[in-house]
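Inspection log for the structure reproduced underneath, given as structure tokens.
Just so it is clear: chains get the letters A, B, ... in the order the sequence lines come, proteins before strands, and each one is counted from 1.
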Amino acid sequence: MNSPRLSASGIDVVRGGRPVLHGVFIDLSPGWTAIVGPNGAGKSTLLRVLVGLQPAERGTVALEGRALSHWRAAERARRIAWLAQQGEAGGELTARDVVMLGRLPHLGLFASPGVADRAAVQRAMAATECEGWADRRLHELSGGERQRVLLARALAVEAPVLLLDEPTTHLDPPHQVAVVRLLQRLGAEGRTVVSVLHDLPLALRADRVVVMAGGRVQAHGSHDDADVHDNMVRVFGGAIRIARAGTTWMVVPQ
Amino acid sequence: MLVLLAAALVLAGLAAGSEGWSPSAAWALVGSPDGPLIVGQIRAPRTLGAWLVGALFGLAGAIAQGLFRNPLADPFLLGSASGASLGVVLVLGGSVLTGHAIGLATADAVSRLGLVGAAFLGALGGVSLTVALARGAQHTVRLLLSGVIVGVVLGAASDMVTTLAPDALRGKQAFLVGSTGFLGWGSCGVLLAGLVVAGPVAWRLARALDALTLGEDSAASLGLSLTRVRVVLIVALALATGLAVSQAGLVAFVGLAAPHLVRRFAPCTHGYLVLASAGMGGALLLAADVLARSLLAPQELPVGVLTAVLGGCYLLWLLHRRQFA
């Protein structure tokens, strides 16, 4: 597989007259990158810019070295899968039908799903452990169950770049850890996984961490990087402390 | 099941006459010399026409609910009803003011064609105005708000015409309550053509409606051109609604209730929903038409009144059971 790579250069976004992102430069390589920061830092907006849903006033996004705007929509959708923050999904579709929508970039509106598509759906549902309610309607599921279905929908695209906005929302602790392991595995397989996370201990298990505040990238580095840790403490107003606990990092309030 | 239901209702429709629904009277008609004429020229086109009008409303309802991601969306949401109503009132009012009064039940084919054409063009005009006011089809909320504004403004324009030409009010009222009494073979041909065009278009784009259940951004991230999909579906919606309204008036609730009834049977994708809603809409209107002819026979109830009462009760019951939650 070619190394998928997503980069943003000098991104400015203004919404309602208020700047949301200022001159954001970021280079996303294969592996798992977690984006953290306080509310209103611009994390979700950055993800929307990277997937092409939010136009930027200034700056460019490049996918595999080519400007995002130069990609055809279907081609781009096959390469970048996006999971919305607290998905507004509802309706009458079953969980399996929802996950099958992840194959839309490959099938288009008119082709019927084939063996490969069904296998991709099966793999995605197995990865998030949601096969048990494949035939239940989405609106009948709990928040956590629904989140696992929507995550499976994003995985079913089998895109080299995955942009996930709060993928662990509504999940219980065992399933949060399962998602972390999944993202680590996908990163190790060579996918570029970018997730916005509010759970800081989980974020510190990513390969790299991006710290954002006030619409700017404050730090970007390995999860062991002292500068990243200092900036995390700073952007949360010194309300947290980061300490090593064996092979992992702990974040404790202070 | 919907096919069997439709077949049974078609037989009931053929057997229902001015004296109400009576198998013995229907059997007697088979042997009478007037039988072929009554059945072939009056009851058969009315029965088939009622099914087709219901099918177009059901299809339009499924499109509207999918497009606006709202189970309470109905086909009249984009200004088609008020547009059709204004078209009819303009023709009726114009004919009154020029001294050539015509009515909905007129036997004059040209006048009838004029009313049908005015209703159809009015419905399309109402939808076009809504889309123009919403500055395109990119934003669902803007479309819905524009539909409400167009409905109010065109409704006021209708009232202004009827104030100037009060004789047009009766015709407008007859149009507003909805009726299958004027449906002939010509109407059936027009309605069938509309269903043959709008049905496959909606079915082919059903996967986009499925994707829209994830939210507009998620659907766009899957590579869909939402604007193009919306424009095509709005044209199909306007065509189905405009044709049905032009032939049978404003028949309430069929477009709203048919998709709900289909969803009650089984979880379904929009591919199944649009087709089954058309079948369900046809069955609903046909059943309502047979009832409208039978309940107070030999007097006939306007079918739109019956669908409004029955549909309203059904939706209230649905709300009570929190089915919209």
Side-chain angles (χ1 to χ4, degrees), chain A residues 44 47-48 50-54 71-113 134-140 146 149-150 153-154 156-157 159 161-163 165, chain B residues 62 65-73 138-141 200-230 232-233 259-274 276-277 318 322-325:
Chain A
S44 297
L47 237 52
R48 289 170 53 79
L50 291 172
V51 75
L53 291 170
Q54 170 74 52
W71 290 82
R72 284 180 51 236
E75 269 185 318
R76 191 167 69 190
R78 282 195 287 273
R79 283 172 173 78
I80 306 178
W82 178 69
L83 174 69
Q85 180 185 30
Q86 293 171 353
E88 48 179 319
E92 304 291 325
L93 296 186
T94 64
R96 193 193 312 278
D97 290 333
V98 169
V99 180
M100 185 59 87
L101 287 173
R103 303 304 294 167
L104 204 55
H106 302 271
L107 292 168
L109 285 174
F110 308 128
S112 299
D135 296 318
R136 282 171 62 196
R137 302 185 205 210
L138 200 63
H139 73 82
E140 296 168 352
R146 191 183 310 187
V149 172
L150 295 174
R153 200 280 303 153
V157 181
V161 179
L162 266 167
L163 304 180
D165 203 344
Chain B
Q65 289 176 16
L67 202 53
F68 299 116
R69 297 189 294 129
N70 186 336
L72 284 176
Q138 295 93 327
H139 300 287
T140 303
V141 175
V201 167
W203 182 70
R204 294 288 277 178
L205 293 179
R207 211 176 277 163
L209 293 176
D210 286 341
L212 273 172
T213 64
L214 298 173
E216 298 194 7
D217 284 342
S218 294
S221 79
L222 289 167
L224 291 178
S225 167
L226 289 185
T227 301
R228 200 179 308 161
V229 165
R230 278 202 196 97
V232 175
L233 284 172
H260 279 280
L261 281 167
V262 170
R263 287 193 205 99
R264 285 188 65 79
F265 288 117
C268 54
T269 59
H270 280 88
Y272 172 78
L273 184 69
V274 291
S277 296
L318 265 188
R322 296 170 184 271
Q323 290 292 311
F324 290 122

query = Where does A/Leu109 contact chain B at under 4.5 Å (heavy atoms): side chain, backbone, both or neither?
reply = both
key: B/Arg263 to A/Arg137 - nearest heavy-atom pair and separation   = O-NH2, 3.0 Å
ask   = With only heavy atoms counted, which part of A/Arg153 is less than 4.5 Å from chain B, the side chain, the backbone, both or neither?
value = side chain
note = For A/Ala77 and B/Leu222 the tightest heavy-atom approach is CB-C, 3.4 Å
request  = Could you tell me the separation between the OG atom of B/Ser218 and the CG atom of A/Leu150, rounded to the nearest 0.5 Å?
outcome  = 7.5 Å
query = By a 4.5 Å heavy-atom criterion (distance strictly below it), what part of A/Arg48 contacts chain B: side chain, backbone, both, or neither?
reply = side chain
query = For the side chain to side chain contact (heavy atoms under 4.5 Å, CB included) test, which of B/Thr269, B/Asp210, B/Thr213 pairs with A/Asp97?
reply = B/Thr269
message = Is B/Leu224 in contact with chain A via its backbone, its side chain, both, or neither, using a 4.5 Å heavy-atom distance?
response = side chain
task = Measure across B/Ala220 and A/Leu53 and return the closest heavy-atom pair with its distance rounded to 0.1 Å.
result = CB-CD2, 3.8 Å
task = Examine distances only and state if a side-chain atom of B/Arg207 and a backbone atom of A/Ala111 form a donor-acceptor pair shorter than 3.5 Å.
result = yes
remark   = When rounded to the nearest 0.5 Å, the distance separating CG of A/Leu83 from CG of B/Leu214 is 10.0 Å
